[in-house]
**Student:** 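Before I ask anything, let me first share the structure, which is written out below as structure tokens.
Order of the sequence lines fixes the chain letters, A, B, ..., with proteins taken first and strands second; residue numbering starts at 1 for each chain. These figures come from a predicted structure and were not determined experimentally.
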2 protein chains.
Amino acid sequence: MRWRSLFWDGDALCVLDQTRLPHHAHTLRLADWQSVVQAIRDLRVRGAPAIGAAGAYALALAAREFSADPDRFWPRLREAAAVIRSARPTAVNLSWATDRALRAAEVATDPQQAAVRVLEEAHRIVEEDERTCRALAEAGAREMRDGERVLTLCNTGSLATLGVGTALGIVRVAWELGKRVHVYVCETRPLLQGSRLTAWELLQAGIPFHVVVDSAAGWLMARGLVDRVVVGADRVAANGDVANKIGTYTLAVLARRHDIPFWVAAPLSTVDLDTPAGSAIRVEQRAPEEVTHLGGVPVAPEGTPALNDAFDVAPAELVDALVTEAGLVRPPFGPALRALKQGVPA
Amino acid sequence: MRWRSLFWDGDALCVLDQTRLPHHAHTLRLADWQSVVQAIRDLRVRGAPAIGAAGAYALALAAREFSADPDRFWPRLREAAAVIRSARPTAVNLSWATDRALRAAEVATDPQQAAVRVLEEAHRIVEEDERTCRALAEAGAREMRDGERVLTLCNTGSLATLGVGTALGIVRVAWELGKRVHVYVCETRPLLQGSRLTAWELLQAGIPFHVVVDSAAGWLMARGLVDRVVVGADRVAANGDVANKIGTYTLAVLARRHDIPFWVAAPLSTVDLDTPAGSAIRVEQRAPEEVTHLGGVPVAPEGTPALNDAFDVAPAELVDALVTEAGLVRPPFGPALRALKQGVPA
């Protein structure tokens, strides 16, 4: 792997533009905080852990810019933090990482030092995510049997994180451990993160897979072709309800019908104890054109109305395990998540 | 409605090219039987009832051509019938209509007369389908309540039939009866018959709707936005198992979880008593490029393997009603279907 989803080049944030993959591996250099916010909104950088880190770097860029004007530094920094947090509403990692970076600033004695502290905190978030991914992926991979056929959705690999990935990281580490796996990749409409991004990662890793349309998942299960469903998460509520890419709820229902284990791979930073249950999660509504157009070209007749909820919520009762860096968490999730979160930077 | 899915212009079969909709309403004139077979394979004409009629016209064109050489007429006609029948394997209407047209030929005394008879039978199939659609749609529409929100998949309207349609025909007739309806249209990957074709029909009819990605169906149901699921069928087995567009099985599972009525709208010509159960239905595998490319443009990286089952099978136990031209059929389906099929041209 000769690329990273994002990195700091000493002066600016560089992100691999995921809207141009798989055809172009183009790196964007983002030298001011608003450009980072726009890149998050436009999904040039995506995946809950990756946008968390991007948010922290956005705040670092804001702090550097604002430190030239010390009198207005703190109100402007807090305002920027609010804008960054709201760039995308569903993934909790964005507000988690932004808040963490802001708190790192707040212990500084002056704006110059605050700017340094925010940048250091962003670096720390990246390093932690790399370790977290590895621990999470190893925990899941140990539980997988040789020869498993895993169905997944969206992209939860190195592109979505700062390390080996979450759900796809489990598959990858299982493969590295010598376990044979086969991956069924849901293409993940509307933006095709499965066929564009996950396929790209799996081809590079040499892991065997097939892409399928999202609506084929049930049929694959009915034919006995799926041993496990593993997905990521954008936010895990305190009770274990999971907000993730649209289609996750459907996969959870199908898996339960077929008695197939349904795993959600999520670092503890994705667990939000302030959200009591899935019903309290704000699901991002994106532009209808993402559904009615493909690559800017209309596929539906002019004037076609579309709904475009980017996420849905799978209830905890359908989740067999949350795979975290602290190992597998089984139901009931509430008490276990509260206990585990005590050891994690808030 | 100023168009028809197909019509005979006195000399050739004209079909509205559904691969070019919604952007171009282009009519293809098919003057020889192989062109019709190719148009069926390429989905230029599609929908179980419509490809049935197209198959009968293909045989009529074959009979006209072969009648110039009376000695070889019968073997060539039977060979053509076999080719036509196999143009697409899952929808039973294609072999049903082709066989019906072939039997009409077989009672003729000479090739000239046989060619006339086949053409007359094709016309009869079209006229019958128009009446059948109307009766089926009225039977379903009568059962619908005012204000229902209906979720559907693929295209089952006038484009798929020779009349008002099957599943979409029910919605349309309910609307004509003054019942308010709202349609959630699954876009229907890979070929987007929902967003391309059903949206086109609904816009023309002025019926309110939203297109959604296929994987959003479960989330719509979880949010309480769906009162009924109505889909078509490509083949209904003797026990009531239903082969239909990929994704149908998933919708049936989701509907059952949410106690939402799941209806399958199918003329009795789609019921195949020779297929005892869904497990005996051959599911067409189409080219992987339909998944990995859109409009000829790759969306996945080069070398991405894909599976492309065009259909799946929903078991009878998940079907609340089969809506036919003879009214609603409720479980257990087997005895009722056997009784009803006795009054239908075999």
**Student:** Give, as side chain, backbone, both or neither, the part of B:Pro208 having an atom under 4.5 angstrom from any heavy atom of chain A.
**Tutor:**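 No part of B:Pro208 comes within 4.5 Å of chain A.
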**Student:** Based on non-hydrogen pairs under 4.5 Å, which of A:Leu192, A:Val211, A:Val291, A:Leu202 is most in contact with chain B?
**Tutor:**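 So the answer, after comparing A:Leu192, A:Val211, A:Val291, A:Leu202, is A:Val211.
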**Student:** Does any heavy atom of chain A fall under 4.5 Å from the side chain of B:Glu290, the backbone, both, or neither of them?
**Tutor:**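 When you check distances to chain A, no heavy atom of B:Glu290 falls under 4.5 Å.
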**Student:** Select one option (side chain, backbone, both, neither) describing which atoms of A:Leu251 are under 4.5 Å from chain B's heavy atoms.
**Tutor:**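 For A:Leu251, there is no contact with chain B at all, as no heavy atom is under 4.5 Å.
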**Student:** Hey, which of A:Gly218, A:Pro301, A:Gly303 has the most heavy atom pairs under 4.5 Å with chain B?
**Tutor:**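 Top option by heavy-atom pairs under 4.5 Å: A:Pro301.
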**Student:** Relative to chain A, which segment of B:Asn308 carries a heavy atom at a distance below 4.5 Å: side chain, backbone, both, or neither?
**Tutor:**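 Contact with chain A: none, neither part.
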**Student:** CZ of B:Arg257 to OH of A:Tyr249: how many Å apart, nearest 0.5 Å?
**Tutor:**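 Interatomic distance, B:Arg257 CZ to A:Tyr249 OH, rounded to 0.5 Å: 4.0 Å.
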**Student:** Would you mind checking which part of B:Ile246 comes under 4.5 Å of any heavy atom in chain A, side chain (CB onward), backbone (N, CA, C, O), both or neither?
**Tutor:**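 For B:Ile246, heavy atoms of backbone and side chain both lie under 4.5 Å from chain A.
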**Student:** Identify which of A:Arg256, A:His258, A:Lys245 forms the greatest number of heavy-atom pairs closer than 4.5 Å to chain B.
**Tutor:**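 Option with the greatest count: A:His258.
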**Student:** Go through B:Asp312 and A:Arg223 one step at a time and tell me if the side-chain contact (heavy atoms from CB on, under 4.5 Å) criterion holds.
**Tutor:** CA-CA 10 Å; B:Asp312 64 23; A:Arg223 289 168 66 202; over 6 Å; no
**Student:** With a 4.5 Å cut-off on heavy-atom pairs, point out which of B:Thr292, B:Val297, B:Val313 contacts chain A the most.
**Tutor:**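 Most pairs with chain A among the choices: B:Val313.
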**Student:** Specify the closest pair of heavy atoms between A:Val299 and B:Arg196, including all atoms of both residues, with the distance to one decimal.
**Tutor:**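 Result for this residue pair: O-CG, 3.2 Å.
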**Student:** Less than 4.5 Å to any heavy atom of chain A: does that hold for the side chain of B:Leu21, its backbone, both, or neither?
**Tutor:**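 The answer is neither part of B:Leu21.
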**Student:** Check each of A:Val283, A:Leu307, A:Thr250 against B:Trp219 using the side chain to side chain contact (heavy atoms under 4.5 Å, CB included) test, and report the only one that passes.
**Tutor:**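 In the set A:Val283, A:Leu307, A:Thr250, the residue that makes a side chain to side chain contact (heavy atoms under 4.5 Å, CB included) with B:Trp219 is A:Val283.
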**Student:** Counting heavy-atom pairs under 4.5 Å with chain B, which one of A:Pro305, A:Pro315, A:Ala306, A:Ala300 comes out on top?
**Tutor:**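 Maximum pair count with chain B is reached by A:Pro305.
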**Student:** Of the listed residues (A:Cys186, A:Ser215, A:Pro22), which shares the most heavy-atom pairs with chain B below a 4.5 Å separation?
**Tutor:**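 Of A:Cys186, A:Ser215, A:Pro22, A:Ser215 has the most heavy-atom pairs under 4.5 Å with chain B.
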**Student:** Could you tell me whether B:Arg41 atom CZ has more than 12 heavy atoms of other residues or ligands within 6.0 Å of it?
**Tutor:**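 Yes, because the 6.0 Å sphere around CZ of B:Arg41 holds more than 12 heavy atoms from other groups.
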**Student:** So, does B:His23 use its side chain to make a donor-acceptor pair with the main chain of A:Pro298 at under 3.5 Å?
**Tutor:**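 Yes, B:His23 side chain to A:Pro298 backbone: donor-acceptor pair under 3.5 Å.
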**Student:** Can you tell which part of B:Phe209 gets under 4.5 Å to a heavy atom of chain A, answering side chain, backbone, both or neither?
**Tutor:**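 Contact with chain A involves both backbone and side-chain atoms of B:Phe209.
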**Student:** Taking the side chain as C-beta and beyond, is there a heavy-atom pair between A:Asp214 and B:Arg189 under 4.5 Å?
**Tutor:**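 The answer is no; the side chains never approach within 4.5 Å.
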**Student:** Please classify the contact of B:Tyr184 with chain A as side chain, backbone, both or neither, using a heavy-atom distance under 4.5 Å.
**Tutor:**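 Answer is side chain: those atoms of B:Tyr184 sit under 4.5 Å from chain A.
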